[in-house]
Amino acid sequence: QVQLQESGPGLVKPSQTLSLTCTVSGGSITANYYVWNWIRQPPGKGLEWIGAIAYSGRTYYSPFLKRRTSISRDTSKNQFTLQLTSVTPADTAVYYCARGASWGYSDRDKYDYWGQGTQVTVSS
């Protein structure tokens with residue numbers, strides 16, 4: 001059973017960098033052919049895909065967030081990390097990591113395993 005767990009600060013100040021880590025257990029992040037995604041849900045809105053890192057290490061980003069987003073991984077720890085720079089209150093959301101066979105989707109059923117989500121609030 002694959003399990004994903006998000007971790008990181010719940011409160012970030014405007015203009016700072018949001019950094020979250022997803023720790024995966026029960027499966028390797030380098031296993032063919034999975035893609036490890038970051039998705040968020042702002043309050044009162046739908047899911048928004050942020051970006052992903054594939055088993056190969058290749059990264060993919062939402063065109064709307066690309067300039068502010070960086071996704072990396074630590075294969076020795078079986079973790080992947082999201083960094084979102086220059087945050088504003090509009091980046092307040094529940095952030096999820098999820099595994100899928102592809103990337104770019106905002107539909108929950110496109111991913112087979114999800115973390116429980118972590119609330120991130122951007123406020124001074």
Side-chain angles (χ1 to χ4, degrees):
Q1 178 79 358
V2 176
Q3 294 184 319
L4 295 86
Q5 177 72 56
E6 304 91 350
S7 60
L11 180 64
V12 183
K13 296 185 184 300
S15 80
Q16 293 187 340
T17 296
L18 180 162
S19 184
L20 296 174
T21 295
C22 183
T23 301
V24 179
S25 59
S28 172
I29 62 172
T30 61
N32 297 340
Y33 296 93
Y34 293 111
V35 184
W36 304 89
N37 294 262
W38 285 102
I39 298 156
R40 68 183 183 181
Q41 186 166 24
K45 297 184 178 181
L47 294 172
E48 178 184 21
W49 180 76
I50 302 169
I53 186 164
Y55 66 97
S56 62
R58 183 174 180 176
T59 53
Y60 307 89
Y61 299 109
S62 164
F64 305 105
L65 297 169
K66 184 175 183 178
R67 287 191 302 172
R68 299 194 291 127
T69 306
S70 178
I71 296 174
S72 59
R73 67 181 184 177
D74 185 336
T75 57
S76 68
K77 296 180 180 179
N78 216 35
Q79 296 175 332
F80 60 106
T81 299
L82 168 70
Q83 289 196 315
L84 185 66
T85 63
S86 304
V87 296
T88 72
D91 293 308
T92 295
V94 177
Y95 284 75
Y96 298 93
C97 53
R99 190 188 80 167
S102 58
W103 53 273
Y105 294 98
S106 298
D107 306 273
R108 185 169 285 273
D109 61 2
K110 294 295 186 183
Y111 307 98
D112 56 358
Y113 290 100
W114 291 72
Q116 84 283 2
T118 187
Q119 173 70 48
V120 177
T121 300
V122 179
S123 175
S124 56

- Query: Taking side chain as C-beta onward, heavy atoms only, is L4 less than 4.5 Å from W114?
  - Reply: no
- Note on the structure: Value for CD1 (I71) from SG (C97), rounded to nearest 0.5 Å, stands at 10.5 Å
- Item | Exercise: do Q5 and Q116 side chains pair donor with acceptor under 3.5 Å | yes
- Query: Do R99 and N37 have side chains that get closer than 4.5 Å, going by heavy atoms?
  - Reply: no
- Close side-chain approach of L47 to Y105, heavy-atom, < 4.5 Å: no
- Of all the heavy-atom pairs spanning S124 and P14, show the shortest one and how long it is. N-CD, 3.6 Å
- Message: How long is the straight-line distance from CD1 of I50 back to CG of L18, given to the nearest 0.5 Å?
- Response: 8.0 Å
- With side chains defined as the heavy atoms from C-beta onward, is the minimum distance between L82 and T69 less than 4.5 Å? yes
- Message: Taking the side chain as everything from C-beta on, heavy atoms only, tell me whether K77 gets closer than 4.5 Å to T23.
- Response: no
- Task: Please examine the side chains of W49 and Y111, heavy atoms only from C-beta on, and report whether any two atoms are closer than 4.5 Å.
- Result: yes
- Under the side-chain contact (heavy atoms from CB on, under 4.5 Å) criterion, do I53 and V35 qualify, and how do the steps go? CA-CA 6 Å; I53 186 164; V35 184; over 6 Å; no
- Working for side-chain contact (heavy atoms from CB on, under 4.5 Å), residues E48 and W38: CA-CA 9 Å; E48 178 184 21; W38 285 102; over 6 Å; no
- Item | Pairwise side-chain contact, T118 with L20, heavy-atom cut-off 4.5 Å (strictly under) | yes
- Check whether any side-chain N or O of D107 sits under 3.5 Å from a backbone N or O of D109 as a donor-acceptor pair, and report yes or no. no
- Task: Verify whether one side chain among S28 and T30 offers a donor that lies under 3.5 Å from an acceptor in the other.
- Result: yes
- Task: Kindly compute the distance separating OG1 (T81) from CZ (R73), expressed to the nearest 0.5 Å.
- Result: 12.0 Å
- Message: For W36 together with Y55, are the ring centres under 6.0 Å from each other?
- Response: no
- Item | Residues, nucleotides or ligands: over 12 heavy atoms within 6.0 Å of Y61 OH | yes
- Residue pair C22 / Y96, side-chain heavy-atom distance below 4.5 Å: no
- Item | Euclidean distance, S62 OG relative to I39 CD1, rounded to 0.5 Å | 11.5 Å
- Message: As a quick check of understanding, evaluate side-chain contact (heavy atoms from CB on, under 4.5 Å) for Y113 and V24, giving each step before the final call.
- Response: CA-CA 10 Å; Y113 290 100; V24 179; over 6 Å; no
- Note on the structure: d(Y95 OH, Q119 CD) to nearest 0.5 Å is 9.5 Å
- Value for CG (D91) from OG1 (T121), rounded to nearest 0.5 Å, stands at 11.5 Å
- Closest non-hydrogen contact found for S19 with P9 is O-CD, 3.5 Å
- Query: Hey, any chance I29 and Y60 share a hydrophobic cluster, counting ILVMFWY side chains that come within less than 4.5 Å of each other, even indirectly?
  - Reply: no
- Task: Kindly indicate, with the supporting measurements, whether the criterion side-chain contact (heavy atoms from CB on, under 4.5 Å) is fulfilled by V94 and R40.
- Result: CA-CA 5 Å; V94 177; R40 68 183 183 181; over 6 Å; no
- Hphob cluster co-occupancy, V2 + Y34, side-chain heavy atoms under 4.5 angstrom: yes
